[in-house]
Amino acid sequence: MCRIGSIKSKVPVHPSKALHLMLPQQEGHDNSGFAMVMQDLYGTFSNYKDKPLLSMACTQRGNQMVEEYMDAHNFVQLAEWIPIPNKQPNLDIQAMPYYVFRNYDFPEHYNELSEEEKQNLLLDTRLALRKMLEDANEGFVYSFWPDVLTLKEIGDPRDIATYFHLWDDHGGLMAKNIVVQCRQNTNYDIVRYAAHPFFLQGYTLCANGENTFYTKNKEFQKSLHRGYIGFESDSQCFLYTLHYVLHELKWPINYYKHVITPLPFEEIEEREDKEVLKAIRQSLAHLEINGPNTIIATLPDNRMITCCDSKKLRPVVLGQDDNMIAISSEVCGLNEIMPNRDREKDIYPNEREVIVIDNELEVQRWKQ
């Protein structure tokens, strides 16, 4: 069973509420995974929203290696949250010795540089830390970005939540936007990097489905950007395309759908923007996906989006009340977290539609 979901609220939302959206309903614990990305943080990190936050799981030696690297590159530590786990017996979790979430200030000589140069520094630093820990087999680095926290773990999602005290309303770990996925009873081993969602330079994305164009996407994306690495999951292709279309090409969000699920040529010929759409099909054909898939994503400006591919065999539903919007790949997820919502207002996007949620919880429906 696999469910994906995300929450957006006018008020800080404790991650335990997000987890209710995702908890599996079946028994079994083998080859399971959990991951979440929290953006627009409150609680412990509320005073450092403009400072990059490093998220990693590592050994003691790995932590020392990272500290030495950051010190040598003139990053100044500002704040830190190291969770104290619940190590009760019989929890199904492949725990790492240490989980570190640490805010840094930029090196002083970077303060006068452009935003793009700072973003490149954070990307290059994360890639260097990841390679360093991977080569030494001492840990995993997930994200290094302002106002973003990433947690990934292997095991039963319910036990993972218990281990990290995510059920406890302690007020330290809070966020406005949460994207989370639980996976259970798969037929292959899940490595931590493969756990959804994925994050890159302010873009978060998780997907539910299969991408039969995975190899075609991957080989093309490797040539597009130094940050497109790993490919532990076919769903990473969707994130890298989202980043490429919006961040690198700087196109509007509506073109993302045209890249991953282009219209048939006969329909393109009837459009006023047919020259643009034909150019997309001709130049970016290797970024098309083939599903069925459901995609949920958060953008650097904290807007959320969801869409399906053209087969639309994976459900996705959006529910809302006065203070919160939740997106889930199954309606039972919404029923858990928002049982009292007006269900007649639920939105089921069709295969030609993109849903965009802004920071005022206004829902826009863009039709391809």
Ring centres under 6.0 Å, that's the criterion: do [X] and [Y] meet it?
| X | Y | answer |
| --- | --- | --- |
| His243 | Tyr240 | no |
| Phe198 | Phe238 | no |
| Phe213 | His286 | no |
| Phe106 | Phe75 | no |

| field | Heavy-atom side-chain contact between Glu330 and Val316 under 4.5 Å | value | no

For a quick check under 3.5 Å, do [X] and [Y] share a side-chain donor-acceptor pair by atom type?
| X | Y | value |
| --- | --- | --- |
| Glu232 | Gln236 | yes |
| Glu153 | Tyr99 | yes |
| Asn290 | Thr212 | yes |
| Asn120 | Arg226 | yes |
| Thr298 | Thr204 | no |
| Arg61 | Asn137 | no |
| Thr241 | Gln221 | yes |
| Arg102 | Tyr104 | yes |

| task | Starting from the C-alpha separation in whole Å, work towards a yes-or-no answer on salt bridge (Lys or Arg N to Asp or Glu O under 4.0 Å) for Glu267 and Lys274. | result | CA-CA 9 Å; Glu267 293 188 34; Lys274 62 181 180 181; over 6 Å; no

If you take all heavy atoms of [X] and [Y], which pair is closest and at what distance?
| X | Y | answer |
| --- | --- | --- |
| Ile347 | Gln320 | CD1-NE2, 4.4 Å |
| Asn254 | Trp366 | O-CH2, 3.0 Å |
| Cys307 | Tyr256 | SG-CE2, 4.4 Å |
| Glu80 | Val100 | OE2-CG1, 4.0 Å |
| Pro262 | Glu288 | CD-CG, 3.6 Å |
| Leu133 | Met56 | CD1-SD, 4.5 Å |

Euclidean distance, [Y] [atom2] relative to [X] [atom1], rounded to 0.5 Å:
| X | Y | atom1 | atom2 | result |
| --- | --- | --- | --- | --- |
| Asp234 | Asn293 | CG | CG | 7.0 Å |
| Thr162 | Asn86 | OG1 | CG | 6.5 Å |
| Cys237 | Ile289 | SG | CD1 | 9.5 Å |
| Asn63 | Met96 | CG | CE | 11.0 Å |
| Gln181 | Ser329 | CD | OG | 7.5 Å |
| Lys257 | Leu263 | NZ | CG | 8.0 Å |

| Where the side chain of Asn177 meets the backbone of Asn302, is there a donor-acceptor pair that is under 3.5 Å apart? | yes

Using 4.0 Å as the upper bound for N to carboxylate O, is an ion pair formed by [Y] and [X]?
| X | Y | result |
| --- | --- | --- |
| Glu275 | Lys278 | yes |
| Glu353 | Lys367 | no |
| Lys216 | Glu219 | no |
| Asp147 | Lys49 | yes |
| Arg341 | Asp346 | yes |

| task | Just do the side-chain contact (heavy atoms from CB on, under 4.5 Å) check on Ile327 and Ile355 with the steps written out, would you? | result | CA-CA 10 Å; Ile327 307 169; Ile355 302 293; 6.0 Å; no

| Which is it for Phe199 and Tyr142 under the side-chain contact (heavy atoms from CB on, under 4.5 Å) test, yes or no, and what are the steps along the way? | CA-CA 8 Å; Phe199 177 84; Tyr142 300 122; over 6 Å; no

| request: Tell me whether the guanidinium CZ or amine NZ of Arg281 lies under 6.0 angstrom from the six-membered ring centre of Phe265 and within 45° of its axis. | output: yes

| query | Would His225 and Gln201 satisfy side-chain contact (heavy atoms from CB on, under 4.5 Å), going step by step from the backbone distance to the final call? | reply | CA-CA 12 Å; His225 195 276; Gln201 290 193 305; 4.3 Å; yes

| query | In chain order, what residues pass the side chain to side chain contact (heavy atoms under 4.5 Å, CB included) check against Ala79, with sequence neighbours excluded? | reply | Tyr48, Asn103

| Run the side-chain contact (heavy atoms from CB on, under 4.5 Å) check on Tyr244 and Leu287 step by step: do they pass? | CA-CA 10 Å; Tyr244 186 70; Leu287 297 181; 4.1 Å; yes

| task | Answer yes if Leu78 and Leu122 sit in the same cluster of Ile, Leu, Val, Met, Phe, Trp and Tyr residues linked by side chain heavy atoms under 4.5 Å apart, and no otherwise. | result | no

